Amino acid sequence: MAGSAPGGGRPLIITEDPLLLDDLLRLCAAAGAEPHVRHTVPEQGGAAGVIGAGGEARNAGWESAPLVLVGDDAARRVRGAPRRAGVFLVGRDLDDPHVWQRAVEIGAEEVLRLPDAESRLVDRIADVVEGAGRPALAVGVIGGSGGAGASTLACALAVRAARAGERTILIDGDPLGGGMDVLLGGESAEGLRWPDFAASRGRVGAGALEESLPELHDLRVLSWDRGDRVAVPPAAIRSVVAAARRRGGVVVVDLPRRVDEPVAEVLAQLDLVLMVVPGELRSVAAAGRVAAGVRMVARDVRVVVRGRCPGGLDPESVAGLLGAPLAGEVPVEVGLPGRVAEGEPPGAQGKGALARFCDGFWQRALGSAQGVPA
């Protein structure tokens with residue numbers, strides 16, 4: 001039943017407006033939620049006035065409900081209720097000049113006016129049903145130049161996060177790359193690939209997405225298939241990435257070097273972008289052009305220096321030339337290409353420079369109160 005979803009969450013509706021109630025019940029049904037319905041605040045109204053979705057009396061509380069939808073008609077009746085998070089004032093009058101005052105009086109987080117805010121409201125209700133809490137820490141990895149090793153680092157980051165017990169999804173953002181499932185040795189694994197989501201519109205269920213993806217090395221991976229289709233609409237990409245983040249943990253995205261509209265949709269949802277740059281001048285020059293495009297969308301871009309050429313630049317100099325913070329250095333790891341060719345994904349071994357970098361990165365990032373350390 002929707003009402004027993006893992007979010008513990010049945011929203012509470014407070015209204016006596018039959019038209020508004022019909023709208024809210026319809027939106028709850030669209031989000032897979034079975035709400036409680038009351039005419040007043042539960043602690044004030046007692047058991048009377050408690051109506052379940054099927055009409056039976058139920059026990060629902062103002063403070064215990066994960067989400068409270070207060071009809072504009074009921075704002076005055078809930079004015080004295082204890083302040084809490086997750087209260088929304090919902091109305092259908094788009095021209096009411098006093099609605100914001102009533103929202104302040106009841107401590108509402110937001111005013112939602114129907115029908116304009118229907119999709120927003122369905123999203124919030126569905127978050128309750130799915131048990132959405134803190135979103136996943138989303139990290140993108142992009143090569144500053146060709147052959148920088150961005151896909152290798154993205155794969156290793158995902159593998160190390162999963163080995164540390166984090167719920168992990170690895171997303172292949174480059175349709176023209178070799179395929180992250182291949183790098184993980186799972187190109188024949190059962191599960192959906194990007195083209196299967198090309199027709200997605202609106203909200204994608206977080207749980208359904210996770211369960212539909214191939215599971216490889218304790219993580220889920222969304223990659224491309226071997227077909228000819230290499231384009232997914234930006235709206236579908238936005239919905240899928242949002243769903244991947246919704247249940248928490250870690251999301252790692254392997255990004256192409258070009259920043260087109262689909263890539264921009266991904267960048268807008270990332271907490272941090274790691275740009276992998278070899279420590280030599282020509283690569284730094286190429287990385288400067290890539291960084292300029294990424295910075296137009298991404299909030300936080302940092303540099304990872306991959307190896308050093310003889311007489312090349314030190315990591316601090318590379319970061320300084322690019323005008324970005326240094327996230328660290330990953331020396332070239334002898335024997336890694338051979339192990340990958342034999343079916344061992346990057347980062348699978350707990351030793352080596354690559355694994356050490358990834359473990360240290362996650363310790364800092366996941367240990368930070370803000371998710372991403374300065």
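Small disclaimer: the values here were computed from a predicted structure and weren't measured.
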**Study point:** Side-chain heavy-atom pair Asp96, Asp72 within 4.5 angstrom cut-off
**Key:** yes
Exercise for review: State whether the side chain of Arg299 and the backbone N or O of Val297 hold a donor-acceptor pair below 3.5 Å, judged by distance alone.
Suggested key: no
Practice item. Might you work through the side chain to side chain contact (heavy atoms under 4.5 Å, CB included) test for Leu25 and Val37, ending with a clear yes or no? Key: CA-CA 9 Å; Leu25 291 176; Val37 179; 4.1 Å; yes
**Study point:** From CA spacing to verdict: side chain to side chain contact (heavy atoms under 4.5 Å, CB included), Val68, Val78
**Key:** CA-CA 11 Å; Val68 180; Val78 304; over 6 Å; no
Check your understanding: Side-chain contact, heavy-atom cut-off 4.5 Å: Pro256 with Leu176?
Key -> no
Check your understanding: Partners of Arg245 by side chain to side chain donor-acceptor pair (under 3.5 Å), sequence neighbours excluded?
Key -> Asp271
**Study point:** Closest non-hydrogen atom pair, Val159 against Pro345
**Key:** CG2-CB, 4.4 Å
Exercise for review: Using a 4.5 Å cut-off on heavy atoms from C-beta on, say whether the side chain of Met296 contacts that of Val259.
Suggested key: no
Review point. Quick one: are Glu166 and Trp362 in side-chain contact, heavy atoms under 4.5 Å?
Key: no
Exercise for review: Decide yes or no for Asp225 and Trp194: does some side-chain heavy atom of the first lie under 4.5 Å from some side-chain heavy atom of the second?
Suggested key: no
Revision key, fill the gap. Shortest non-hydrogen pair, Val303 vs Ala324, comes out as CG2-CB, 3.8 Å
Check your understanding: Would Val70 and Trp100 show up in the same hydrophobic cluster when neighbours are defined by side-chain heavy atoms closer than 4.5 Å?
Key -> yes
Practice item. Report the distance from atom CG of Leu121 to atom CG of Asp116, rounding to the nearest 0.5 Å. Key: 12.5 Å
Check your understanding: CD1/Ile13 to SG/Cys28 distance, rounded to the nearest 0.5 angstrom?
Key -> 4.0 Å
**Study point:** Member of Leu281, Val304, Leu326, Val284 meeting the side-chain contact (heavy atoms from CB on, under 4.5 Å) criterion with Val318
**Key:** Val284
Check your understanding: What heavy-atom pair brings Leu183 and Ser151 nearest, and what distance separates the two atoms?
Key -> CD2-O, 3.6 Å
Point to revise | Beyond-backbone contact of Leu20 with Leu114, side-chain heavy atoms, under 4.5 angstrom | key: yes
Practice item. Could you tell me whether a side-chain N or O of Arg295 sits under 3.5 Å from a main-chain N or O of Val301, the two making a donor and an acceptor? Key: no
Check your understanding: Counting N and O atoms only, with roles assigned by atom type, does the side chain of Ser283 sit under 3.5 Å from a partner on the main chain of Gly279, one being a donor and the other an acceptor?
Key -> no
**Study point:** Evaluation steps, side chain to side chain contact (heavy atoms under 4.5 Å, CB included), between Leu366 and Val250
**Key:** CA-CA 9 Å; Leu366 296 172; Val250 164; 4.1 Å; yes
Review point. Closest approach of Arg124 and Phe88, non-hydrogen atoms and distance?
Key: NH1-CZ, 3.2 Å
Check your understanding: From Gln349 CD over to Leu336 CG, what is the distance, rounded to the nearest 0.5 angstrom?
Key -> 9.0 Å
Check your understanding: Is it true that Leu157 and Val182 fall in one hydrophobic cluster, defined by side-chain heavy atoms closer than 4.5 Å?
Key -> no
Review point. When Leu270 is tested against each of Leu255, Val241, Val141, Val251 for side-chain contact (heavy atoms from CB on, under 4.5 Å), which residue passes?
Key: Leu255
Check your understanding: Phe361 vs Phe357 aromatic rings, parallel, tilted or perpendicular, using cut-offs 30° and 60°?
Key -> parallel
Check your understanding: Is the backbone N or O of Leu213 less than 3.5 Å from a side-chain atom of Arg220, with the two atoms forming a donor-acceptor pair by type?
Key -> yes
Revision key, fill the gap. Pro262 and Ile237 have their tightest heavy-atom pair at CB-CD1, 3.4 Å
Check your understanding: For Arg76, does the CZ atom sit with more than 12 other heavy atoms under 6.0 Å from it, leaving out its own atoms?
Key -> no
Point to revise | Shortest non-hydrogen contact between Met180 and Leu170, atoms and distance | key: CE-CD2, 3.7 Å
Point to revise | From CD1 (Ile169) to CG (Leu209), nearest 0.5 Å | key: 5.5 Å
**Study point:** Ionic contact status for Arg238 with Glu265, cut-off 4.0 Å
**Key:** yes
Check your understanding: Salt-bridged, Arg226 to Asp181, with N to O below 4.0 Å?
Key -> yes
Exercise for review: Check for a donor-acceptor pair, side chain of His36 on one end and backbone N or O of Arg10 on the other, with a separation under 3.5 Å.
Suggested key: no
Check your understanding: Could you state the interatomic distance from CZ (Arg160) to CZ (Arg163), rounded to the nearest 0.5 Å?
Key -> 6.5 Å
Check your understanding: Hey, is the main chain of Trp62 close enough, under 3.5 Å, to the side chain of Arg38 for a donor-acceptor pair?
Key -> no
Point to revise | Salt-bridge contact Arg26-Glu118 (side-chain N to carboxylate O under 4.0 Å) | key: yes
Practice item. Quick one: pull up CG in Asp359 and NZ in Lys351 and give me the separation to the nearest 0.5 Å. Key: 14.0 Å
Practice item. Keeping the roles fixed (side chain from Arg120, backbone from Leu112), state whether a donor-acceptor pair exists under 3.5 Å. Key: no
Point to revise | Any side-chain heavy-atom pair of Ile125 and Val122 under 4.5 Å | key: no
Check your understanding: So, Arg306 side chain and Gly143 main chain: donor-acceptor pair closer than 3.5 Å or not?
Key -> no
Exercise for review: Considering only NZ, NE, NH1 and NH2 on the basic side and carboxylate oxygens on the acidic side, decide whether Asp73 and Arg77 come within less than 4.0 Å.
Suggested key: yes
Review point. Within a strict 4.5 Å, meaning less than it, do heavy atoms of the Asp174 and Trp224 side chains meet?
Key: no
Check your understanding: If you group Ile, Leu, Val, Met, Phe, Trp and Tyr by side-chain heavy-atom gaps below 4.5 Å, do Leu89 and Val104 land in one group?
Key -> no
Practice item. Check the pair Asp254, Cys155 against side chain to side chain contact (heavy atoms under 4.5 Å, CB included), reporting the backbone distance first and the verdict last. Key: CA-CA 8 Å; Asp254 181 41; Cys155 184; over 6 Å; no
